[in-house]
Structures are given as structure tokens and as C-alpha cells.
2 protein chains.
Amino acid sequence: MDQRSLPPIQTTARDDAVLKALAEFVGTEGLKPGGRLPTERILAERLRVSRNTVREALTRWEGLGLVERRQGSGTYLKAAVSPDMLHLPLTLAGGNDFTSLMQTLEIRRALEAEAAALCAERASEADIAEIARKLDIMEHAFRTRDGMSSEEDWEFHQAIYKVSGNPLFEQIIAAMYELFHRFWEHPLGVRDFGHASFPYHRTIYERIAAHDPQGARDEALKLIATVEDDLKRGVAKLKLADLT
Amino acid sequence: MDQRSLPPIQTTARDDAVLKALAEFVGTEGLKPGGRLPTERILAERLRVSRNTVREALTRWEGLGLVERRQGSGTYLKAAVSPDMLHLPLTLAGGNDFTSLMQTLEIRRALEAEAAALCAERASEADIAEIARKLDIMEHAFRTRDGMSSEEDWEFHQAIYKVSGNPLFEQIIAAMYELFHRFWEHPLGVRDFGHASFPYHRTIYERIAAHDPQGARDEALKLIATVEDDLKRGVAKLKLADLT
DNA sequence: GTGCCGAAATTGGTTGGACCATTGGACCAT
DNA sequence: ATGGTCCAATGGTCCAACCAATTTCGGCAC
């Protein structure tokens, strides 16, 4: 007999029910990201559930990054939420050695290239203008702050991921980014880390603006290649330092 | 002055502290997935916090899929966990199932191609033999069970990811895979789903065995393309059914 | 009237204690 | 050996407070 034909029954699911109700509430109320959710006490009363149960449910949402709680202020929606949303936890083992950093770059190489290509395919004129804006901001920051433009750099890339139409790109690459920068504020002591990648931001943009997927892909690959080179140079430098 | 050099003090972070302590405990205790965590009551006592606080912390871990709670039994570790691990929830906000599935395939397309290329570069003769073995098993299963070989299919791919030398490939693609098969035993009612991809498993293997990265990449892309086609065909079929 | 300050109300965070529902093992009867 | 019963352990829920951060608002100085 097929064991799957007799699944275990689900007897208790209070907090799940709370989340379901809350998702519906957000939908019917037309709540946008940034909006404020009802008080925990009010939710408990309305849903006929203890405040503790409400809190456990909200804790789940907070863990998923859907909601932000501010003590003394309230609970705020951080992302669009609908009842039929999919959540999947991804756990990544990361180390802080050279190999691990290189591995995050291998993932980024694959994803950045694909995202850039998709972006070049799908970008509207408005999208291109927005990316151009982010590029200008980033280039300006780079020139005035002598290469320290990681924040603006990241926003430029985010704009590309967004236009790609696939939120997974941003989420996964952000995870790689986090793994990469976890331990290194100035990776491996290479002062001008990231300088070499600078010109490729504009070339990527140009290929996107020209709706040239293959070109955008190639330029993205070149950009990652410079970062990999920087990383290798940093390691070489470290080994040299070890010998002295 | 760099604002990041002076992070705001964390006056209240009880549950985060609990999770940190718990992660250390799992490490020092050498707890493996499947193992049982201490009772909530015991944790509360040991950590000098209320049981509710312990519960909120565990709820977070449960949401991340790190832990499973069984009423009347205990709390069990579901995945390896160490303090320097990155856990992040992937959120696929896509009302429309088709869109979501297509998005998981876009990620897979990028990663499968890269993994296959890296595998072709780095595979030793022993690696190639192992992949060949998995391929034979999968092909045999496919023929004897008339196309139902998803388990063996997956193992073949896993062997490739493993040889790529980068564990991140398997971790991320596994998440995409999970997302893809979340609802569907037989996706969209397309009976022969996956049949079209069958021949490309062997061509991928051949390119890997020939240490031909670009060839392996191309064949991997073709494989994903067939899956995308199947998906589109399934949707077309659904729309047709709606009209009747 | 304007602007500042402090008290009070609001809200999430934590605590301790109680009870319920489920589980799993010990023990017993057949 | 099988099945039934009881009981202790454990997660799930509830309640009633209190703490800590934030916001609100009224009164005071100017």
C-alpha cells in the first residue's frame, strides 16, 4: 500500500491560523510595506487568542523578514505579503578562508551574468533610466570618496536584479555578498579592493541599455573576474607577509 | 567618521543571545541532525531566562527549518547548525505558480551551467567514473520505470555539484529543487514531464568526461531549456482545460 | 504663538505560573 | 505476544503582571 495515501492528521495549528488570518487582513486592508500592523494586544483580542500566541506567530514573520517590530512603536510591514506566498529557508555553510570566498564568487559569477542578461532583455526605458541614475550616483561616490563606494555599488547592482524580474537573484546574491563581507571590511588588506571592477559597471549598463543580453553577460563576467583577481592578489600578498 | 564603526548597543536581545548560546551548545555537544535538544524548561533554567523567551528563540529556528518541535516528545535538530552559518529565508512572492516556477528555473539555468562547466574543468578520472555510475543507474531506472526516475536523476546532478568542488551549488540548487517540487508530484498534469530532458544527461556527462567546460555548459543549458518547455506546455494545457 | 521639557499613555519585550494535548514508556490483563 | 491503561515528560496555550523603548500631549518659559 502506498504510505503517502494516509498522511498524518493535523490537530493543532493555532499560530499558523493566526498567520493565515493576518495575511488575509493585510490583503483586505490593502496594507503596503512600511504600514503598521495592529497592536499585539488588539490582535490577540480580535483573534480570540492569547497574546503569547500572537507573538509566536509574529516572531515567525519577523524571522522571515516580512515584518519589523519596534518596541514602543509598533509592528511594521517590511515586505509585500500575500496568503499564497512561498518561503524556503536556505542555510549556507561558509568559512572565512580563501576557498570559501572564491566559492561565493563562483556563485555570483553565474548569477550576475544571468541577471544582467535577463535585465538587458526585459528592461523598459524607465528601467534603463533608473539604472543610469544609480550608476551616476555610484560613479560620483567613487570619484569623490576615492573608491569607497560599496554602498552605492550595491544599489546599482540591486537595480539590475530588480529589473531582471526575478527576486531570487537579489536574495541569493545578497546572501553571497553577506558571506563574502562577513569577516572583511577591507578584504585581505588589499587597499584598492574593487577598484579594478569600476569601469565594468558602465560597460554593463551600456550593454543593458542596448538590449544586448550576451554583451551584458560578458561584461558581468569581466567584472567578477576582476574581483577574483583582487582576491588572488590579496592572498599572494598575505603569503608574502607570512614569509617576512 | 564611519558610522559603522560604532554600532548601537544592544540593550535588549535576549532571544538572540539565547540562539547564540544554543548554537554554541550544539557545537560543543557535537549534536547531529536528528539529535534532541534540551527541554524548553531546562533551557530556560540553565540560561536564566523565562521559558517564553526560549520558545520565541526556538520559534525563529523552527521558521528557518533548523529545528523541529514535536509535542510530547521534544525538540529535534533538523539541520547542521554552527555559529558561523548563514541562514536566510528565501521569499518567493508570486501569486502565480507558473511565474514562481519559471523563476526557480532561471536560477537553476545559471547555476547548473556553471556547475557543469566547473565540473568538466576539475573532474578527476575517479570523479568521472562516479558520475558515469550515477548516470547508468539513472538511465536504467528511467527505462525500467518508464520515465519515473526523479530520485536517480537528482543523484546524478548531485554528483556533478559535488565534483564542482563548491558545496554552495548543491545547497542553492537543492533549495530551488525543493521549491519546484513543493506542490507537484506530477507538475501541471504533464504526464511525461522530464522525458525531454533525458538525453541531455548523457551529453552533459560526455562533455564532462572530455573535460570540455563550454560543451558541458551548453548541454546543461539545453537540459534546463527542455524543462522550461515542459513547463510552458503544461500551462498551455491548463489554459486549454479552462476553456472547456 | 512658539518651542522645549517632562509626565503619561502606548507598545513591544520579559517574566512566572498555570493548565491542556500529545507522546512514549511502564505496567498489567488477556 | 498483544492490546489496554496509566503516568510522567514535553511542547502548546493562556493569563496577569511588570519592564523598556517610544510616542503623545499638556504645561511652561520665552
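Naming convention: chains lettered A, B, ... in sequence-line order (proteins, then strands); numbering from 1 in each chain. Because the structure is a prediction, the values reported are computed rather than measured.
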Legend entry - Near-ring test A:H201/A:F142, centroid separation under 6.0 angstrom: no

Inset, instruction - Respond yes when some side-chain nitrogen or oxygen of A:R55 is under 4.0 Å from OP1 or OP2 of C:dG13, and no when none is. - result: yes

Inset, instruction - Give a yes/no answer on whether the side chain of B:T53 brings an N or O atom under 4.0 Å of OP1 or OP2 in C:dT15. - result: yes

Inset, instruction - Check the angle between the aromatic planes of B:H157 and B:Y161 and answer parallel, tilted or perpendicular using the 30° and 60° thresholds. - result: parallel

Inset, instruction - Would you kindly give the CD-to-P distance between B:E40 and C:dG17, to the nearest whole Å? - result: 17 Å

Legend entry - Whichever of A:G72 and A:N52 has its nearest DNA chain D nucleotide further upstream toward 5': A:N52

Inset, instruction - Would you indicate whether the side-chain heavy atoms of A:F169 and A:Q158 approach each other to under 4.5 Å? - result: no

Legend entry - Nucleotide paired to C:dT22 in any strand shown, Watson-Crick or G-U, under 3.5 Å: D:dA9

Legend entry - Atom-pair distance (CZ on B:R48; P on C:dT14), nearest Å: 18 Å

Legend entry - Whole angstrom value for the distance that separates P of D:dT13 from CD of B:E56: 13 Å

Inset, instruction - May I have the distance from A:I42 (atom CD1) to C:dT10 (atom P), rounded to whole angstrom? - result: 10 Å

Legend entry - Touch class at under 4.0 angstrom, heavy-atom based, for A:R41 against every strand present: base

Inset, instruction - Just compare C:dG24, D:dG11, C:dT11 and give me whichever is closest to any side-chain atom of A:T39. - result: C:dT11

Legend entry - Presence of salt bridge, A:K162 and A:E170, under 4.0 angstrom: no

Inset, instruction - Determine whether any donor atom in the side chain of B:R70 lies under 3.5 Å from an acceptor atom in the base of C:dG24, or the reverse, and answer yes or no. - result: no

Inset, instruction - Return yes if the base of D:dG12 and the side-chain atoms of B:R69 contain a donor-acceptor N/O pair under 3.5 Å, otherwise no. - result: no

Legend entry - d(CZ, B:R51; P, D:dA9) in whole Å: 14 Å

Legend entry - Out of C:dT23, C:dG13, D:dC15, whichever nucleotide has its closest atom nearest the side chain of A:S50: D:dC15

Legend entry - Assigned partner base of C:dA29, Watson-Crick or wobble definition, under 3.5 Å: D:dT2

Legend entry - A:T75 side-chain N/O to C:dG12 phosphate OP1/OP2 under 4.0 Å: yes

Legend entry - Sidechain N-carboxylate O distance under 4.0 Å for A:D16, A:R60: yes

Inset, instruction - Take the protein atom CG of B:L43 and the nucleotide atom C1' of C:dT15, then report the distance between them rounded to whole Å. - result: 17 Å

Inset, instruction - Compare the minimum distances between each of C:dT23, C:dG12, C:dT15 and the side chain of B:V49, then state the nucleotide with the smallest one. - result: C:dT15

Legend entry - Atom-pair distance (CD on B:E45; P on C:dG17), nearest Å: 12 Å

Inset, instruction - Please state whether the phosphate of C:dT11, meaning OP1 or OP2, lies under 4.0 angstrom from any side-chain nitrogen or oxygen of A:R36. - result: yes

